[in-house]
Undergrad: 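Before I ask anything, here is the structure I am working with.
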Amino acid sequence: MSGKIHGPAAEALASLSPDDVAFLQSIPKAELHAHLHGSIPISVLQSLARKSKTSNAQYNDSITKGLKILEDGVQLEAIDDFFGLFPAIYSLISNDENLATVTEAVIETFIGSVDGAPPQCQYLELRTTPRSNRNMSRRQYLQIVLAVIERYPADKVALIVSLDWRMKPQDALESLNAIVNLYQEGRRIVGVDLCGDPQAADVDKLLPFLQAAQAKGLAITVHIAETAANPEHETNGLLDLPPSRLGHATFLNDEARARVLKEKIPIEICLSSNLLCKTSSSLADHHVLHWLKQEDHPICICTDDILPFRNSLLGEYALLLAKPPLGLGLARSEIERIAKQGMESRFRPRPPVEVVAEQED
Ligand code: IMP
Ligand code: ZN
C-alpha cells in the first residue's frame, strides 16, 4: 500500500546490502512526526478520486491536477510550494467515511505489514489538524480519527492534534476546546503540535492556545525555526513553553541550540523532507550532524509527509547508514542508539482516566 519510494531515501536504501536492510528492519523504531494528510498512500487517494468522480461528488479539475503532480513526483523549488499541494487532497476527504479510510490506510502503512515486509515502525504518533466542513465539526473530525486509532493497541498508535499557523483565533479556540474535552474524556490524544506554512507564523496569536493545552497536561511539540526567515522572538517564545519535543529545528541560532541542548529537548529530524523542501542543501550540511556531535542529545528520525516526499521510515534510516554522499555513514551501534532515543521520546498515553464513584452516605 505504501508504494515504491523515490529520491534520496530510495537511493540510500538501494545502496545497502541485504544484510544492512535486514539490520535496519530489525531495530524497533518510533515514527513521531507524520502528518495524516501528508502520509496517505497515493493508491488510496486515486481510489477515492475514482469513487468521487463516478458519484460526481465535488470532483473538480484541481483534484485531477493535484493527483497528477503527486503521481509524477513533486518538484519543489522551496518550502512555500509545498503547502499548495494540500487543498486538492482535502477536497477528496471531506466526509467521515473517507477520513476514516485514509486514517486506517496511514496507520497500516506505518505499523502494518505491507506486501510481506516487516512494519516500518513499532509505534506511531500520527498528527492531524482538525478541520470543519459542511459534513463535520472540528470535534467530529477528531472523533472520527480517534475511533480508528483506538481500534489499535495503545502502545502502537496515538494522536497528536495540530494547530496550524493559518488558523484564526476562533478556529484555534474551537480546536483547543475539542482537544481538551476529548483528552479529559480519556480519548487517545497524547499531545498538541503547531505546524503549517512557516510564512504565516504569528507566535503571539497561537502561543496562548499551546499554553492552555499544556496546562491541561498535554505534551507539546512545535515546528520550530523551519526556515531561515522564522524570527528569533518566535523561536524564543516557543522555547519558553517549554515544548516536550521540537519539529525540524533547522535554523536555530547558537543561543537557541545551547538552550535546547541544556534542556535536552528531543528533535524530530526529517531528512528527506528538508532536502526536498530545500531547507537543507545536502546531507553533509544537515543540522542533524550538529546534534549527533553532542553527547547523547535525543533525536528521532521521522518521515514528515510520505505522500509528497515519496519516502519511508526505512528509507530515512537508510540515509543514516548509507555511505556518503548517499547517506551519513553512521555505525550500526549509533543507529541503534538513535532508534532507541526515538522510542524514548514518545508521548506515552497516560493510564485510563479513573472514574471515581460518588460515595453514598
Ligand atoms: P493534516 O494536518 O492531516 O491535514 O496534514 C497536512 C498538513 O500538515 C498540511 O496542511 C500542513 O499544514 C502540515 N504540514 C505537513 N508538513 C509540514 C511541514 O513540514 N511543516 C509545517 N507544516 C506541515
Ligand atoms: Zn511536519
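One-based numbering, in listed order, for ligands and for the atoms of each. Residue numbers start at 1 and run along the sequence shown.
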Undergrad: Are Asp164 and Arg131 within salt-bridge range, i.e. N to O under 4.0 Å?
TA: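 Looking at Arg131 together with Asp164, the answer is no, because their closest N to O distance does not fall below 4.0 Å.
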
Undergrad: Do any of the N/O/S atoms of Asp304, backbone or side chain, fall under 2.8 Å from the Zn ion (ligand 2)?
TA: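 It does; at least one qualifying atom falls short of 2.8 Å.
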
Undergrad: Taking non-hydrogen atoms only, is Asp305 closer than 4.0 angstrom to ligand 1 via side chain, backbone, both or neither?
TA: side chain

Undergrad: For the Zn ion (ligand 2), find the closest N/O/S atom on His33 and give its atom name.
TA: NE2

Undergrad: So His248 and His223, would you call those rings parallel, tilted or perpendicular, with 30° and 60° as cut-offs?
TA: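 The arrangement is tilted - the two ring planes meet at 30° to 60°.
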
Undergrad: I need the atoms of ligand 1 closer than 4.0 Å to a non-hydrogen atom of His248, numbered in the order shown.
TA: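 Ligand 1 atoms under the 4.0 Å threshold to His248: 19 (O).
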
Undergrad: Is it the side chain (CB and beyond), the backbone, both or neither of Met167 that lies under 4.0 Å from ligand 1, heavy atoms counted?
TA: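 No part of Met167 is near ligand 1 at this cut-off.
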
Undergrad: Does ligand 1 come near enough to Tyr141 that some N or O of the ligand is less than 3.5 Å from an N or O of the residue?
TA: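 In fact, backbone or side chain, Tyr141 has no N or O that close.
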
Undergrad: Select one of side chain, backbone, both or neither to describe which atoms of Asp197 lie under 4.0 Å from any atom of ligand 1, heavy atoms only.
TA: neither

Undergrad: Between Phe86 and Phe83, how do the two ring planes meet: parallel, tilted or perpendicular, split at 30° and 60°?
TA: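 Ring orientation of Phe86 relative to Phe83: tilted.
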
Undergrad: Which atoms of ligand 1 have any heavy atom of His223 under 4.0 Å away?
TA: 18 (C), 20 (N), 21 (C)

Undergrad: Of all the atoms in ligand 1, which lie at a distance below 4.0 Å from a heavy atom belonging to Cys195?
TA: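 By the 4.0 Å cutoff, the relevant atoms are 12 (O), 13 (C), 22 (N).
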
Undergrad: So is Phe83 close enough to ligand 1, meaning a heavy atom under 4.0 angstrom away?
TA: yes

Undergrad: For atom 3 (O) of ligand 1, grab the closest protein heavy atom and report residue, atom and distance to one decimal in Å.
TA: Thr128 OG1, 2.6 Å

Undergrad: Does Phe86 reach ligand 1 with a nitrogen or oxygen that is under 3.5 Å from one of the ligand's nitrogen or oxygen atoms?
TA: no

Undergrad: Do the side-chain N and O atoms of Thr279 and Glu226 include a donor-acceptor pair separated by under 3.5 angstrom?
TA: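 No, no side-chain donor-acceptor pair sits under 3.5 Å.
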
Undergrad: Does ligand 1 have a heavy atom under 4.0 Å from the side chain of His37, from its backbone, from both, or from neither?
TA: both

Undergrad: Please report the closest heavy-atom contact between Asp193 and Leu210, naming both atoms and the distance.
TA: O-CD2, 4.5 Å

Undergrad: How far is atom 12 (O) of ligand 1 from its nearest protein heavy atom, and which residue and atom name does that atom have?
TA: Arg166 NH2, 2.9 Å

Undergrad: We want to know whether Gln120 and Thr109 form a side-chain donor-acceptor pair, criterion being a heavy-atom distance below 3.5 angstrom.
TA: no

Undergrad: Could you tell me, atom by atom, which parts of ligand 1 come under 4.0 Å of a heavy atom of Arg131?
TA: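 Listed by number with element, the hits are 4 (O).
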
Undergrad: So for atom CD, which belongs to Glu255, do other residues, nucleotides or ligands contribute more than 12 heavy atoms lying within a distance under 6.0 Å?
TA: no

Undergrad: Would Asp96 and Gln140 count as a side-chain hydrogen bond (donor to acceptor under 3.5 Å, both in side chains) if you check the C-alpha gap in whole Å, the side-chain angles of each, and the deciding distance to 0.1 Å?
TA: CA-CA 9 Å; Asp96 49 359; Gln140 285 167 330; over 6 Å; no

Undergrad: Among protein heavy atoms, which sits nearest to atom 2 (O) of ligand 1, and what does the distance come to when rounded to 0.1 Å?
TA: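 Answer for atom 2 (O) of ligand 1: Thr129 OG1, 2.6 Å.
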
Undergrad: Considering only protein heavy atoms, which is closest to atom 22 (N) of ligand 1, and at what distance to one decimal place?
TA: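 Nearest neighbour among protein heavy atoms for atom 22 (N) of ligand 1, to 0.1 Å: Gly196 N, 2.9 Å.
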
Undergrad: Regarding atom 9 (C) of ligand 1: of the candidates Phe82, Tyr90, Phe309, which has the closest heavy atom?
TA: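 Heavy atom nearest to atom 9 (C) of ligand 1 belongs to Tyr90.
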
Undergrad: Within the stated cut-off of 2.8 Å, is an N/O/S atom of His223 closer than that to the Zn ion (ligand 2)?
TA: yes

Undergrad: Report the nearest protein non-hydrogen atom to atom 17 (C) of ligand 1: residue, atom name, distance rounded to 0.1 Å.
TA: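 Result for atom 17 (C) of ligand 1: His35 NE2, 3.6 Å.
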
Undergrad: Side-chain donor-acceptor pair under 3.5 Å between Ser132 and Glu174, yes or no?
TA: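 Result is no, nothing qualifies.
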
Undergrad: Ligand 1 and Ser273, any nitrogen or oxygen pair closer than 3.5 angstrom?
TA: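 No, no N or O pair falls under 3.5 Å.
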
Undergrad: For Leu163, run the side-chain contact (heavy atoms from CB on, under 4.5 Å) check against Thr129, Ile179, Leu176 and tell me which one passes.
TA: Ile179

Undergrad: Counting each atom of ligand 1 from 1 as listed, which ones have a heavy atom of Leu36 under 4.0 Å away?
TA: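 Reading through ligand 1 atom by atom, the close ones are 3 (O).
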
Undergrad: Run the ring-centre check on Phe23 versus Tyr317 and record whether the distance is less than 6.0 Å.
TA: no

Undergrad: Hey, can you tell me if Tyr90 and His37 have their rings parallel, tilted or perpendicular (30° and 60° cut-offs)?
TA: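 The arrangement is perpendicular - the two ring planes meet at more than 60°.
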
Undergrad: Taking both backbone and side chain into account, is any N, O or S atom of His248 nearer than 2.8 Å to the Zn ion (ligand 2)?
TA: no

Undergrad: Tell me yes or no: between the side chains of Thr101 and Asn98, is some donor less than 3.5 Å from an acceptor?
TA: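 Per modelled atom types, Thr101 and Asn98 side chains form no pair under 3.5 Å.
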
Undergrad: To check your reading of the model: name the closest protein heavy atom to atom 18 (C) of ligand 1, its residue, and the distance in Å.
TA: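 Protein heavy atom with the smallest distance to atom 18 (C) of ligand 1: Glu226 OE2, 3.3 Å.
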
Undergrad: Any atoms of ligand 1 less than 4.0 Å from a non-hydrogen atom of Asp164? List them with their elements.
TA: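 The list of qualifying atoms is 12 (O).
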
Undergrad: Test Ser272 against every option in Glu316, His6, Arg310 by the side chain to side chain donor-acceptor pair (under 3.5 Å) rule and name the one that passes.
TA: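 That would be Glu316; it is the only one of Glu316, His6, Arg310 passing the side chain to side chain donor-acceptor pair (under 3.5 Å) with Ser272.
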
Undergrad: With a 4.0 Å cut-off on N to O distance, would you call Lys68 and Glu71 a salt bridge?
TA: no

